[in-house]
2 protein chains.
Amino acid sequence: MASQPAFRRSDPDQRRASLIAACARVLAREGAAGASVRAIALEAGVSPGLIGHHFGGVDTLIAATYAQVEEQVAEALDRAVAAAGPDPRARLEAYVTASLLPPIADSELLSTWIAFWSLVRARSEIARLHDEQYSRFRAGLEALLIENGAQPAALRRIAIAVTALVDGLWLELCLSPQTFAEGEAAAIARDSLPALISTGR
Amino acid sequence: MASQPAFRRSDPDQRRASLIAACARVLAREGAAGASVRAIALEAGVSPGLIGHHFGGVDTLIAATYAQVEEQVAEALDRAVAAAGPDPRARLEAYVTASLLPPIADSELLSTWIAFWSLVRARSEIARLHDEQYSRFRAGLEALLIENGAQPAALRRIAIAVTALVDGLWLELCLSPQTFAEGEAAAIARDSLPALISTGR
DNA sequence: TCGCTTGCTGAACGATCGTATAACAAGCCC
DNA sequence: GGGCTTGTTATACGATCGTTCAGCAAGCGA
């Protein structure tokens, strides 16, 4: 009688991806405080030591998880814009409202993000990741604003304002969803767009 | 030779206030991860057991700290409005920009707030505190918006948008201050106000 | 001055944390 | 099929976590 293998070897890249996914699930379910080496390893169905083997430490794994979640959000926004068609106004609205609708407006995603924020001040490479993500979002927004006739001289100011509006709505939407009616946050952002774009004219 | 007392007894309320202040300092300096019973007790110059004696557990102490910091922020905003004089527009601008200038725009304060956010999903009494704080801020804003001629029908929408704008700017300002020039965030918020108020007219 | 209340200390407990490491074994190569 | 690489496990270690509690002592009232 042949006993089945006690474990399966995996390609290092695949295993790392599996651990990142498990880390994201634990962060979402239990928050930053619950994202221990053992909890993540249990979630991934491996032994605790494997995290050290592949990532060196749990902080590196969390940073890698940040990078991947961030990437997924950016891709979701790009898809939303692409699905909006050619109309510049529709593309801008899609970019702005996509953050305030599922799957990005998700209170579980907030737990992940808070875990990252709590590391920004302590770890400089996390701070760098955050700055990159913020810059990327604002750059994408500025491109769409130009399509919509925003004044170049006011571009930075408008982009910062719209980004802040979206971030603030997203934060409150995730923290206490019952504050808003279905789609209300997205509607508020959409309705505020023309006013913010026209500032400085 | 009379030896000086090994410790001083304190009025329970004063001692609790001292522990809350120490908790706030530790949260600001070391973040949520570093706010352990021992660290807070060391900061306050007392023994670890005293926290359990006065608060039952460290979570209760953190919740009490939330309530107190929130109170201080609200008072600072009220003072800013009072100092702005009688002009409605100046009062509204003071309320909005005060959050984006020292001492409220402080990256140490962000650490404190992140610690609270990380508890919102796990502990319902923290969630309730958050909702109260958000409602209070928005109510204060709505009163000022009425003074400035905002349409009652659009009041809720405008107040939510302005609150989100301020929160988003505050968050990014605390996370990476080097993104903004001195006073830039406050200026952006101030310049965006008339546009947001006029939506719905 | 004595006793009593109680704020307070400090040690101890069990649980859990992150990490290191030696042994094991899966699976490819020759 | 035997050897070798290395992904993986399991254990152990020291540190630190939150909480408990028996006892000390500060300071007030009688």
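Throughout, a chain's letter reflects where its sequence line sits, starting with A, and its residues are numbered from 1. None of these values were measured; they are calculated from a predicted model. Heavy atoms only: backbone and side chains are in, while hydrogens, waters and symmetry mates are out.
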For the side chain of [X], counting heavy atoms from C-beta on, which of [options] is nearest?
X: His54(B); options: dC17(C), dA12(C), dC8(C); result: dC8(C)
X: Ser36(A); options: dA25(D), dC17(C), dT19(C); result: dC17(C)
X: Arg9(B); options: dG18(D), dG7(C), dT9(D); result: dG7(C)
X: Leu50(B); options: dA12(D), dC8(C), dG18(D); result: dC8(C)

### Query
Where along residues 41-48 of chain B does a heavy atom fall under 4.0 Å from DNA chain C?
Val46(B), Ser47(B)
### Task
Name every residue in residues 10-35 of chain B that has at least one heavy atom under 4.0 Å from any atom of DNA chain C, in order of residue number, or write none if there are no such residues.
Ser10(B), Arg15(B)
### Query
Just checking Gly49(B): base, sugar-phosphate only, or nothing, at a heavy-atom cut-off of under 4.0 Å?
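Base, at least one base atom sits under 4.0 Å.
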### Task
Give one of base, sugar-phosphate or nothing for Val37(A), where a contact means two heavy atoms less than 4.0 Å apart.
base
Kindly list each side-chain donor-acceptor pair under 3.5 angstrom involving residues 37-44 of chain B, sequence neighbours excluded, with atom names and distances?
unit_1: Glu43(B); atom_1: OE1; unit_2: Arg29(B); atom_2: NH2; d: 2.3
unit_1: Glu43(B); atom_1: OE2; unit_2: Arg25(B); atom_2: NE; d: 2.5
unit_1: Glu43(B); atom_1: OE2; unit_2: Arg25(B); atom_2: NH2; d: 3.4
unit_1: Glu43(B); atom_1: OE2; unit_2: Arg29(B); atom_2: NH2; d: 3.4

### Query
Side-chain N or O of His53(B) less than 4.0 angstrom from OP1 or OP2 on dG7(C)?
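Answer yes for this pair, as a side-chain N or O of His53(B) is under 4.0 Å from OP1 or OP2.
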### Query
What are the two closest heavy atoms between Trp170(A) and Ile104(A), and how far apart are they?
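The answer is NE1-O, 3.0 Å.
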### Message
So, using ring pair (Phe, Tyr, Trp, His ring centres under 6.0 Å) as the criterion, who are the partners of Phe180(B) when residues are at least two apart?
### Response
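Residues passing ring pair (Phe, Tyr, Trp, His ring centres under 6.0 Å) with Phe180(B): none at all.
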Distance-only donor-acceptor hits, side chain of residues 62-84 of chain A, under 3.5 Å, sequence neighbours excluded:
unit_1: Thr65(A); atom_1: OG1; unit_2: Leu61(A); atom_2: O; d: 2.8
unit_1: Glu70(A); atom_1: OE2; unit_2: Arg136(A); atom_2: NH2; d: 3.3

### Task
Could you list the residues that satisfy side-chain contact (heavy atoms from CB on, under 4.5 Å) with Ser192(B), not counting sequence neighbours?
Ala161(A), Leu196(A), Leu165(B), Ile188(B)
